[in-house]
Amino acid sequence: MLRLPDSGEEEGVEKKIAIAIDGPVGSGKSTIAKLVARELGYTYIDTGAMYRGIALKAKRMRISWEDAQRMASLAGSTEIVLLPATKEELTSRVLLDGEEVSCEIRETDIGEGASKSSTISGVRKALVKLQKGMAVSGGVVMEGRDIGTVVLPGAELKIFLTGSIEERAKRRFLELQKKGKKPEMREVIEEVRERDLRDSTRADSPLKKAEDAVEVDTTHMTIAQVVDTIVEMARELVRSKIQKQT
Ligand code: DC
């Protein structure tokens with residue numbers, strides 16, 4: 001569930017498109033999607049946070065992340081609300097059955113639980129339905145693993161972010177250090193490798209580039225360069241959309 005801003009369909013108001021951003025762990029998806037959304041005045045939707053919310057609830061209820069039946073029923077009966085980001089607070093807040101869990105869902109084990117439980121079709125079905133509903137009015141930047149391929153196959157702009165495993169692990173390492181943790185680089189590389197493998201080889205909606213997505217390799221790019229590239233593509237699309245209509 002998400003409160004959406006105006007889609008901008010009235011005359012004189014800038015047309016708004018849907019932007020899908022997919023990519024593996026550490027590719028910069030979240031940071032970039034948030035900044036692109038702020039730059040364009042769009043709503044940022046973090047679908048990974050929804051999988052993380054379900055994984056957290058399962059952990060609390062001592063349900064195995066691999067128990068397909070119980071996890072699917074949990075996903076179907078849980079209320080997940082993403083409170084839109086603001087100009088000051090770029091990250092959207094996450095409410096799980098009414099309780100704010102924005103920090104708790106960022107723990108490493110919950111990321112692993114989200115990756116494991118996201119291989120269950122029943123879990124995906126419940127969350128994809130919610131995600132499609134969130135984007136009906138356009139004006140969204142939605143990030144995840146299957147946005148361009150499954151959730152928003154009709155998105156006007158699809159971006160597939162990549163990056164070398166070393167660079168992505170380095171980003172993850174620095175992120176953990178910033179949180180006061182003392183990670184081991186070797187372990188972080190292994191964790192990233194495992195997540196890549198699980199996310200891209202699962203049977204249902206694996207992480208893959210949509211045929212019509214633009215691939216952006218972020219290994220040697222700054223965040224600002226990636227954001228500018230995507231914002232420019234989006235503005236160009238909006239301009240051509242307006243031209244076609246006049
Ligand atoms: O983007 P993230 O690290 O917060 O996502 C956590 C896990 O959730 C990720 O390993 C795979 C899963 N996920 C997914 O399967 N599909 C999505 N659209 C988003 C996340």
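Atoms within a ligand are numbered from 1 in the order they appear, just like the ligands themselves.
- Nearest protein heavy-atom neighbour of atom 3 (O) of ligand 1: R195 NH2, 2.8 Å.
- For T47, a nitrogen or oxygen atom sits less than 3.5 Å from a nitrogen or oxygen atom of ligand 1, counting backbone and side chain alike.
- The neighbour count for L174 CG, taken as heavy atoms of other residues, nucleotides or ligands under 6.0 Å away, is above 12.
- Residue-to-ligand polar distances place R202 within reach of ligand 1: an N/O pair is separated by less than 3.5 Å.
- Considering backbone and side-chain atoms together, R52 places an N or O closer than 3.5 Å to an N or O of ligand 1.
- Side chain to side chain, R202 and S118 meet the donor-acceptor criterion of an N or O pair below 3.5 Å.
- Residue D199 has at least one heavy-atom neighbour below 4.0 Å for each of these atoms of ligand 1: 9 (C), 10 (O), 11 (C).
- For atom 18 (N) of ligand 1, the closest non-hydrogen atom of the protein is D146 OD1, 2.8 Å.
- Other residues, nucleotides and ligands place more than 12 heavy atoms under 6.0 Å from the NZ atom of K181.
- Per-residue contacts place S115 under 4.0 angstrom from the following atoms of ligand 1 (heavy atoms of the residue considered): 7 (C), 10 (O).
- Nearest protein heavy-atom contact of atom 7 (C) of ligand 1 is A114 CB, 3.7 Å.
- Of all protein heavy atoms, the one closest to atom 12 (C) of ligand 1 is S118 OG, 3.6 Å.
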inquiry  = Run S30 and E143 through side chain to side chain donor-acceptor pair (under 3.5 Å) and show every step you take.
reply    = CA-CA 7 Å; S30 306; E143 58 119 330; 2.8 Å; yes

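- Scanning the protein for heavy atoms near atom 8 (O) of ligand 1, the closest one is Y51 CB, 3.6 Å.
- Across R145, R106, R93, a single residue satisfies salt bridge (Lys or Arg N to Asp or Glu O under 4.0 Å) together with D46, and that is R106.
- Close contacts of ligand 1 with G48, meaning ligand atoms under 4.0 Å from a residue heavy atom, involve 4 (O), 5 (O), 19 (C), 20 (C).
- Look at D146 and R124 and you find a salt bridge, because one of the NZ, NE, NH1 or NH2 atoms lies within 4.0 Å of a carboxylate O, short of that distance.
- For the residue pair T91 / K34, a side-chain donor-acceptor distance below 3.5 Å is found, with atom types taken as modelled.
- Between R124 and ligand 1 there is a heavy-atom distance shorter than 4.0 Å.
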task = Before giving the answer on side-chain contact (heavy atoms from CB on, under 4.5 Å), spell out for L157 and I230 the whole-Å C-alpha distance, their side-chain angles and the decisive distance to 0.1 Å.
result = CA-CA 9 Å; L157 179 58; I230 299 174; 4.2 Å; yes

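- Among R145, K116, E143, R172, the residue whose heavy atom lies nearest to atom 14 (C) of ligand 1 is R145.
- Residue-ligand proximity: K29 is placed with a non-hydrogen atom under 4.0 Å from ligand 1.
- A 6.0 Å sphere centred on NZ of K59 holds no more than 12 heavy atoms belonging to other residues, nucleotides or ligands.
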